[in-house]
Amino acid sequence: MMSHRYTVAALGLVLGGALILAALNQLTPVGSPLHVPAYVVALVGKYLCFAMLALAVDLVWGFGGILPLGHAAFFALGGYAMGMYLMRQIGTRGVYGNPMLPDFMVFLGWKSLPWYWTGFEWFPFAMLMVVLVPAALAAIFGWLAFRSRVGGVYLSIMTQALTYALLLAFFRNDMGFGGNNGLTDFKDIIGFSIQSDGTRSALLVVSALLLCGQLLVARFVVGSRFGKILVAVRDTESRTRFLGYRPESYKLVVWVLSAVMAGIGGALYVPQVGIINPGEFSPANSIEAVIWVAVGGRGTLIGAILGALLVNFGKTWFTSALPEFWLFALGALFIGVTLLLPHGVMGLFRGRAAKPAPAAVAKGATA
Amino acid sequence: MNPILPNVSRRGLVRLGAAAATVAAVGGIKAASAQASGPIKIGILHSLSGTMAISETTLKDVMLMMIEKQNKAGGVLGRKLEAVVVDPASNWPLFAEKARQLISVDKCAATFGCWTSVSRKSVLPVFEELNSILFYPVQYEGQECSRNVFYTGAAPNQQAIPAVDYLWNESKVKRWVLAGTDYVYPRTTNQILEAYLKSKGVAAEDIMVNYTPFGHSDWQNIVASIKKFGSAGKKTAVVSTINGDANVPFYKELGNQGIKATDIPVVAFSVGEEELAGIDTKPLVGHLAAWNYFQSIENADNKQFIADWKAFTKNPKRTTNDPMEAHVIGFNMWVKAVEKAGTVDSDAVIDALIGVSVPNLTGGYSAMMPNHHITKPVLIGEIQADGQFNTVSQTPGTVVAQEWSPYVADTKDLIGDWRAPLSCGAYNVKTKTCSTGKKA
Amino acid sequence: MKRWIFFALLAMTWLTPGAGRAQSADEALAALASTSFNTVREGVEALALSGHPRAQAIVAALQNGKLLARADKALFIKNDDGTFAEAATGAPADVPAAALKPVRVNNAVRGAIEAALGVLRLFAPDPTARLQAAEAVFRSRDPAALPALERALVAEKDPKVKLRMDQARAAALLALPSATEPDRLAAVQTLRTRGDIEARSTLGNLTGQSPAVAEAAASAILAIDRTLQLWSVLQSIYYGLSLGSVLLLAAAGLAITFGVMGVINMAHGEMVMIGAYVTFVTQQVIKTNFPALYPANLLFAIPLAFGISGLVGIAIERALIRWLYGRPLETLLATWGLSLMLQQAVRSIFGANNKDVDTPSWMSGATELGGLTLTWNRMYIVLFSVLVLAALMAALRYTSLGLRMRAVTQNRRMAAAMGIRTPWIDALTFGLGSGVAGMAGVALSQIDNVSPNLGQSYIVDSFMVVVFGGVGNLWGTVVGALTLGIVNKFLEPVAGAVLGKIVVLVLLILFIQRRPRGMFPLKGRAVET
């Protein structure tokens, strides 16, 4: 198995790359040819957050055989938890200068903070919520779904229904999460100005660290006995069940873990892009996350990270270089990858390994 | 069976590394290629795909036309203008990313863009942080006054309140339905209107407020309930802040359920010539819209503009609308201010913009006020069968924008004034303090 | 009030024949040439009561925007052939078109025009015109119309028209200050019997009545409200059926491509969009080239949309999907990419704006059935969805192609062994599903935006419907769509449009936990695929 070396290389690249970018941004003067502008730092930071989402998708899809079409929901929930913390940090610097209420509540005529906003001014509590809220939702949804053996396409469509319902709910101004405008105009995070280059570089490095941490955790899970049973569940659920295992428990654990990973990605995403709004719940975002994984190579973990980086880099580049036709380019990329690279970009790395028989691929991919 | 975990070759690792390096390098190369002299770059930040492309694509085109025209006339300060078009794809975080790119990578001197409030809110911190200039061309909810944004669309008092006044005086409307899409612009506008109507003595039971989600397409119940609300005897009107896409099915349902403008008129703030071009307007004749510009306005400037626009788009049927006029005004103001300041430096241009006055397309002049909003005439038009508006009322002069509404308790004492020495976006005239937006 | 006095005076002049009448007619005509909407409105009102022989023609011309004024206030009517006639006499007039400006109207004038035409047409030979006229007078509640109404009532033979005129008379009487109390009470009773929302509106508008009349009116309103309440339940069912039929149309194609073939076709919405754009193009072509066929343009659009979307579907299957069989989730990715490209292609060709697809006159408006308002376009869509479904089921059940399709989807290898060319059957099945989606596009063009985003707004709902009903079962799709539609419409008034939809989604998620394979799961071996 060469995948260890391979994980080490990915870890090195992600962490090393982030550190170099941050250092070049911080240590070189503006105008120097080596200087990395804040724009790039924020951009790469954003990509790394997307990579966490992709990793989370790959964990359940590639190893659990559950195709999630609503994973962006967990990402967005983590983001909202962080956004709420950041909103509370604004304090009196909001437009209306209200020390308690965020601007949008003042303008909707709310008199007091709703109960579910309490505690979010406290960083550790907010971070706990970043983990707990997606985990709780995933646990409830997963428990209901896996227990009654909802599987395959049904499960995928249900995850989509879930994120769609959340999208509609968060759009409502009455929900108390800022409606369509979402949460924005953040000032600082644990005392550091969110707009300073130093904070941005630090966030980039933190994102890289957490992404590496998540990759290690995912590797560990996949490589453990638990992971082997999970793959067994993916490939032949009923046989595993007859052998005495409880597939639903394995699925539930990996599902909740994956939701937490996505939530952490969302939490880091928000301070780096400066806004969180219900658009993040849109079904299209979740489908896109699946596509990152497919482009990189499903079931490889590293491929998920690579796919997220590649597709998002492509999107950034296309929307500027070909503003009127970039959808053609992106669409063609998706079609090309599925037709020509059934194992994603990682498939290119297979080297001498013989291609598996089509039937095996079909079996592996159907689930 | 493990068909998915791949084997890695050394060659593969090299490729992986190369891909990562490209991602890292691209920003640097781009930044280095930006030049201090050469053409002046203008950013155009309008969605060309996604849900908002319907409205925003036109604004990109009008900007390209204005820039082309200015270049034919010799550019600005002896330098050519160059448009930098990007597609934020109706994706709000992408708006912020693209704004940052336009300012810090492409070094645009000014940016014209955004349509929805959320896109403006998303880019606002970026423009403030990097101290650049944004021209925002769409009517909006007010309650904002940034040093780096110039609002060339209407504030609520330049659109909503005159429209309500018209219905109140001319049609003797006594019962009001405030119907809107559930987002910040309708929420604020309706809040202001509700306060305004109550101040005129309208009882609470004579006001019905209804919010629907974006892109709402099944209006059967809501139109029926409007019909029912209108059957109480008093003359009823609908004030619609329904957003773009949901309007077509809304008006179709109105027409089919037989609600005519003579029974229950609908006055809309987000329906212009562009939107009407996508609807069969025959059942809508007589419904109203309030804007600061109509294509049907007759004067030489507007005639020329329409002719230019049709030639530019090579489409004799293309329509013009209010946000387009706002961009035209904003662009001309920017050109004038740059010439006045003699530089494209943001601080100098921001200061020079205040007080600049340019002809608008309705036959008068619009001026940039110290609150970074412009003066506008308010027009009320009735929809005609040909999809154009028949102006039935016009304010005698131009109206100055109230960026902070006097009908909202928390903001009634606030003013924005970006002239020295005040230089404040939200100055409380009672407490004499600047609560926010003060430039450090 | 002022307006009423004005009418009363006019009514008096009308009753005294002679010089005053001619004078008022001339004044009314002069008023029409004014640029002030108020003056024009008064002119219309005066003209209607002046007894001028051409009053009806002039007011009708004004309504259609064919009344033009010269700078010297002379009025002309534009004929259909482009020539002009003097308004007052109808004599042909030779005036340069450039010197004339149409008389502009606003809502107030338009209201006066409708009321005036109502009075003028009370004596029209066509009973439908008289019925409409009576309705217009009813809505105007104008006491000045009373004398004309009385005369019309005497002459009227048609009982339906007579009833409507009687109601109009009641409405006008209640607004006449000099009416006696028994008359008023009788009028309230007439309105109570009418019992619809218009009657309620008239009763609700009463002011300054005697206590007895006010009491009668209040009890009439209560009675009407009670009946309307009952009708509103039926109305909600109708709304639900109509929403359900829209969902059904959108999902029917998907029930084939996804339900029967197992292809997760994310470009399904774009097939619907293509159908809508085909409708748009067909309308434009017919409008310019074959105007005589224009009222029937949708009938041409339906087969065209089916054919073109179907061909696009076959092309997609041949070029893309056939390489991905056995990898259903990867078809999701490829078709998602395809949907992005199709959207952008349509945007590049037609522009990003909405396109104006006309609703033919036979599909516009509504009919009243008791207290129900049945809008024609929705009725036709319900009907259309029934027809499409019936045709689809018949095609699957009774044609040889349908037989082969079912054979291939149930057991591909056995079907191939029996000599069925499975690749072509796949292509045709996918084409059929796409074609049905295209027909849905024709229907949706009548109620929604025709824009590149059209498909996107239905794709999530379509998948929900198919999954809810049970994949692979057309009946499941039918029941699923109608259930979702009706539940949604009953929740909407209670919870609001947004919350209603959220509740439906949550219920759907919970339902799938109870029935993990939808309402009507397929039984047997097919389940394992």
Side-chain angles (χ1 to χ4, degrees), chain A residues 61 67 69 141 143-145 147-169 171-172 174 282-284 287-288 290-291 293-295 298 324-339 342 358-359 361-367, chain C residues 258 262 264 266-267 319-320 323-345 347-348 452 456 459-461 463-464 466-468 470-471 496-518 521 528-529:
Chain A
W61 186 31
L67 173 70
L69 293 182
F141 180 88
W143 184 72
L144 284 169
R147 186 192 52 135
S148 48
R149 300 188 197 175
V150 179
V153 188
Y154 289 90
L155 186 62
S156 302
I157 300 294
M158 284 309 109
T159 57
Q160 190 149 54
L162 177 72
T163 195
Y164 189 48
L166 283 168
L167 167 82
L168 292 172
F171 262 132
R172 298 182 69 233
D174 298 333
S282 77
I287 293 172
E288 243 182 63
V290 172
I291 285 175
V293 177
V295 168
R298 174 192 172 206
E324 321 239 356
F325 302 102
W326 69 277
L327 280 175
F328 287 125
L330 204 65
L333 175 75
F334 296 160
I335 295 175
V337 166
T338 15
L339 284 184
V361 177
K363 209 86 194 248
T366 319
Chain C
F258 172 58
I264 304 182
M266 296 307 286
L320 200 61
W323 307 107
L324 299 172
Y325 283 119
R327 298 193 273 155
L329 298 179
E330 304 196 12
T331 57
L332 181 152
L333 309 184
T335 49
W336 177 256
L338 186 74
S339 89
L340 294 184
M341 291 174 81
L342 285 173
Q343 279 176 47
Q344 191 61 36
R347 203 173 278 130
S348 301
Q456 286 292 302
I459 186 80
V460 177
D461 285 336
F463 272 103
M464 303 289 161
V466 175
V467 165
F468 177 54
V471 173
V498 195
L499 216 51
K501 193 146 193 203
I502 297 172
V503 172
V504 168
L505 286 170
V506 172
L507 287 179
L508 190 65
I509 292 174
L510 292 177
F511 178 83
I512 291 294
Q513 321 295 341
R514 304 282 307 164
R515 306 285 300 260
R517 289 190 177 272
E528 290 306 316
T529 54

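In what follows, every chain begins at residue 1, and chains take the letters A, B, ... in the order their sequences are listed.
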Between Trp323(C) and Thr338(A), is the side-chain contact (heavy atoms from CB on, under 4.5 Å) condition met? List the steps. CA-CA 10 Å; Trp323(C) 307 107; Thr338(A) 15; over 6 Å; no

Less than 4.5 Å to any heavy atom of chain C: does that hold for the side chain of Leu162(A), its backbone, both, or neither? both

Would you check if Asp174(A) and Leu499(C) make a side-chain contact, meaning some heavy-atom pair closer than 4.5 Å? no

Give, as side chain, backbone, both or neither, the part of Arg515(C) having an atom under 4.5 angstrom from any heavy atom of chain A. neither

Pairwise side-chain contact, Phe171(A) with Val498(C), heavy-atom cut-off 4.5 Å (strictly under): no

Quick one: what part of Leu510(C) sits under 4.5 Å from any heavy atom of chain A, side chain, backbone, both or neither? side chain

Taking all non-hydrogen atoms of both residues, which atom of Val150(A) and which atom of Pro516(C) are closest, and how far apart? CG2-CB, 3.8 Å

Value for CD1 (Ile291(A)) from CE (Met266(C)), rounded to nearest 0.5 Å, stands at 8.5 Å

For Ile287(A), is it the side chain, the backbone, both or neither that has a heavy atom under 4.5 Å from a heavy atom of chain C? side chain

List the atom of Met464(C), the atom of Gln160(A), and the distance in Å for their closest heavy-atom pair. CE-C, 4.2 Å

Quick one: pull up OH in Tyr154(A) and CD in Gln513(C) and give me the separation to the nearest 0.5 Å. 13.5 Å

What part of Arg149(A) is in contact with chain C, defined as an atom under 4.5 angstrom from a non-hydrogen atom: side chain, backbone, both or neither? backbone

Search all heavy atoms of Phe334(A) against all heavy atoms of Leu333(C) and return the closest pair with its distance. CB-O, 4.0 Å

Under 4.5 Å from any heavy atom of chain A, what part of Leu324(C) do you find: side chain, backbone, both or neither? side chain

From Leu505(C) atom CG to Met158(A) atom CE, the distance as rounded to the nearest 0.5 Å: 9.0 Å

Pick from Val290(A), Leu167(A), Leu155(A), Leu168(A): which one has the most heavy-atom pairs with chain C under 4.5 Å? Leu168(A)

Using the salt bridge (charged side-chain N to carboxylate O under 4.0 Å, His left out) rule, collect all pairs that involve residues 497-510 of chain C, keeping only residues at least two apart or in two chains. Asp461(C)-Lys501(C)

When Thr331(C), Val467(C), Leu508(C), Leu338(C) are compared by non-hydrogen pairs under 4.5 Å with chain A, the top option: Val467(C)

Which distance, rounded to the nearest 0.5 Å, do you find between the OG of Ser156(A) and the CG of Leu332(C)? 8.0 Å

Chain C contact via Ala332(A) - which portion, at a heavy-atom distance below 4.5 Å: both

Within a strict 4.5 Å, meaning less than it, do heavy atoms of the Val153(A) and Phe463(C) side chains meet? no

Met341(C) to Phe328(A) - nearest heavy-atom pair and separation: O-CE2, 3.3 Å

Given heavy-atom pairs under 4.5 angstrom as the criterion, report whether the side chain, backbone, both or neither of Phe468(C) touches chain A. neither

Main-chain N/O of Glu324(A) paired to Gln344(C) side chain as donor or acceptor, under 3.5 Å: yes

Hey, which of Ser339(C), Gly496(C), Ala345(C) has the most heavy atom pairs under 4.5 Å with chain A? Ala345(C)

If I take atom CG from residue Leu342(C) and atom CG from residue Leu327(A), how far apart are they, to the nearest 0.5 angstrom? 11.0 Å

Per-residue contact mode, Leu144(A) against chain C (heavy atom under 4.5 angstrom): both

On a heavy-atom basis, which atom in Ile335(A) and which in Ala334(C) lie closest, and how many Å separate them? CG1-O, 3.4 Å

Residues Ile157(A), Val460(C); criterion side-chain contact (heavy atoms from CB on, under 4.5 Å); working and verdict: CA-CA 9 Å; Ile157(A) 300 294; Val460(C) 177; over 6 Å; no

